[in-house]
*Asks:* 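Got a structure for you, questions after.
A note on names: the letters A, B, ... follow the listed sequences, proteins ahead of strands, and every chain is numbered from 1.
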Protein chains: 2
Amino acid sequence: MLNRETQYAIRTLIALSESNGEYVSTRALAEQLNIPYFFLSKILQKLVRRGLVDSRKGLGGGVRLRHSPEEITGLMVLEAVDDTEFLESCVLGFPQCNDQNPCPYHHEWGPIRSRIQELFATHTLAELRGLQESG
Amino acid sequence: MLNRETQYAIRTLIALSESNGEYVSTRALAEQLNIPYFFLSKILQKLVRRGLVDSRKGLGGGVRLRHSPEEITGLMVLEAVDDTEFLESCVLGFPQCNDQNPCPYHHEWGPIRSRIQELFATHTLAELRGLQESG
DNA sequence: TTCAAATCGGACATACATGTCTATGATCCA
DNA sequence: TGGATCATAGACATGTATGTCCGATTTGAA
């Protein structure tokens, strides 16, 4: 479904939304979240470039959210790591599949895809953090 | 979503359900469906081993459905090519995610996953063939 | 009985996702 | 000013999905 980079990115940003704007080191995040350190470094570098995360070098540095957790949705994270193709492409992989020229699953897949997109679009990091605790 | 092997398998089996039990060569299928020939060979070999397809060597040989198109669902194809993990695993990749210990998306993801599973489970090859034509 | 058509099995090749390492530069503190 | 702590960039390594090739075997027909 979501690739690993995306999963790590979401989990990391949820964790960052609990640090009240303080910088957290990649090392600490990697250990807390059980994500390979060097891999997480790469992901965070991308999130910095894409504007979701701020970074600071040196002692006491690390990364933090660039915006408040209420302003960032899951879908924004998917877009930042370029993992949205599955929200647009045909289930059976037909490049020319569309409303006029549908594959067998096309019309039933539309509403499902909408719900998936909605799932990620309607929850902010702040809400996800809450959901994690309440169950 | 579905990996390429699965997409090719479904497309091929839908095509085979239009051949009235006649053997069709892998070469012909590959050209008709625009699927790489050697790759399709591998997929069909697996479908033969898994019991969805019959094969016969030699002139006039090829592959055909082992059962009638009304008896095979999309989900059976997913299972035959071992592409069902996404129907069972956590959206965020947590191995320990479950009803008692849910990830933030868990409870909302359940109904969506059910609809996806239902989509594949409720349509037979015969129906998919029909849907393809009617749009 | 020979030849061509077809699958089958295993090996090989390539692309992309995932994971790892090293050198560099920035920042803070003693 | 020097050393420790941090992110950054690029290169490297591994694994899995995807795609390709070849020799062996079976089958049908001339």
*Asks:* Could you write nucleotides 24-30 of chain D as a row of B, S and -, 5' to 3', where a protein heavy atom under 4.0 Å of any base atom gives B, of only sugar-phosphate atoms gives S, and otherwise -?
*Replies:* -BBBS--
*Asks:* To the nearest angstrom, how far is Arg27(A) atom CZ from dC6(D) atom P?
*Replies:* 9 Å
*Asks:* Report yes if the side chains of Leu128(B) and Thr124(B) come closer than 4.5 Å at any heavy-atom pair, otherwise no.
*Replies:* no
*Asks:* For dC8(C), take OP1 and OP2 only and decide whether either is under 4.0 Å from a side-chain N or O of Ser55(B).
*Replies:* yes
*Asks:* Separation of Gln45(B) atom CD from dG23(D) atom P, in whole Å?
*Replies:* 17 Å
*Asks:* Going by number, which of residues 84-92 of chain A have a non-hydrogen atom under 4.0 Å from DNA chain C?
*Replies:* none
*Asks:* Taking 4.0 angstrom as the limit, do Glu79(A) and Arg50(A) come out as a salt bridge?
*Replies:* no
*Asks:* Leu47(B) CG to dG9(C) P: how many Å, rounded?
*Replies:* 13 Å
*Asks:* Tell me whether the side-chain N/O atoms of Thr26(A) come closer than 4.0 Å to OP1 or OP2 in dA7(D).
*Replies:* yes
*Asks:* Would Arg4(B) and Asp83(B) count as a salt bridge (charged side-chain N to carboxylate O under 4.0 Å, His left out) if you check the C-alpha gap in whole Å, the side-chain angles of each, and the deciding distance to 0.1 Å?
*Replies:* CA-CA 10 Å; Arg4(B) 211 160 286 217; Asp83(B) 190 15; over 6 Å; no
*Asks:* So do Ser114(A) and Gln117(A) actually touch side chain to side chain, heavy atoms under 4.5 Å?
*Replies:* no
*Asks:* Look for any protein N or O under 3.5 Å of an N or O in nucleotides 16-21 of chain C and output each such pair with its distance, or none.
*Replies:*
residue	atom	partner	partner atom	Å
dT18(C)	OP1	Arg4(A)	N	3.0

*Asks:* Between C1' on dA6(C) and CD on Glu22(B), what's the gap in Å once rounded to a whole number?
*Replies:* 16 Å
*Asks:* So, is Arg49(A) near the phosphate of dT8(D), with a side-chain N or O under 4.0 Å from OP1 or OP2?
*Replies:* no
*Asks:* Looking at Glu108(A) and Arg115(B), does any basic side-chain N land under 4.0 Å from a carboxylate oxygen?
*Replies:* no
*Asks:* Identify the residue among Asp54(B), Leu47(B), Leu16(B) that makes a side-chain contact (heavy atoms from CB on, under 4.5 Å) with Val63(B).
*Replies:* Leu16(B)
*Asks:* With a cut-off of under 6.0 Å to the ring centre and 45° to the axis, is Arg11(A) in cation-pi contact with Phe94(B)?
*Replies:* yes
*Asks:* Just how far, in rounded Å, is C1' of dA9(D) from CG of Leu44(A)?
*Replies:* 15 Å
*Asks:* Look up atom CD1 in Ile72(A) and atom CD in Glu70(A), then write down how far apart they are to the nearest 0.5 Å.
*Replies:* 10.0 Å
*Asks:* Please give, in whole Å, the distance from dA6(C) P to Asp54(B) CG?
*Replies:* 17 Å
*Asks:* Can you check salt bridge (charged side-chain N to carboxylate O under 4.0 Å, His left out) on Glu5(B) and Lys42(B), steps first, answer last?
*Replies:* CA-CA 9 Å; Glu5(B) 178 181 17; Lys42(B) 289 301 176 202; over 6 Å; no
*Asks:* Nearest whole Å is fine: how far is dT7(C) P from Ile43(B) CD1?
*Replies:* 14 Å
*Asks:* Looking at Asn34(B), I want to see if its CG is surrounded by more than 12 non-hydrogen atoms of other residues, nucleotides or ligands under 6.0 Å.
*Replies:* no
*Asks:* Is the number of heavy atoms from other residues, nucleotides or ligands within 6.0 Å of CD (Glu85(A)) greater than 12?
*Replies:* no
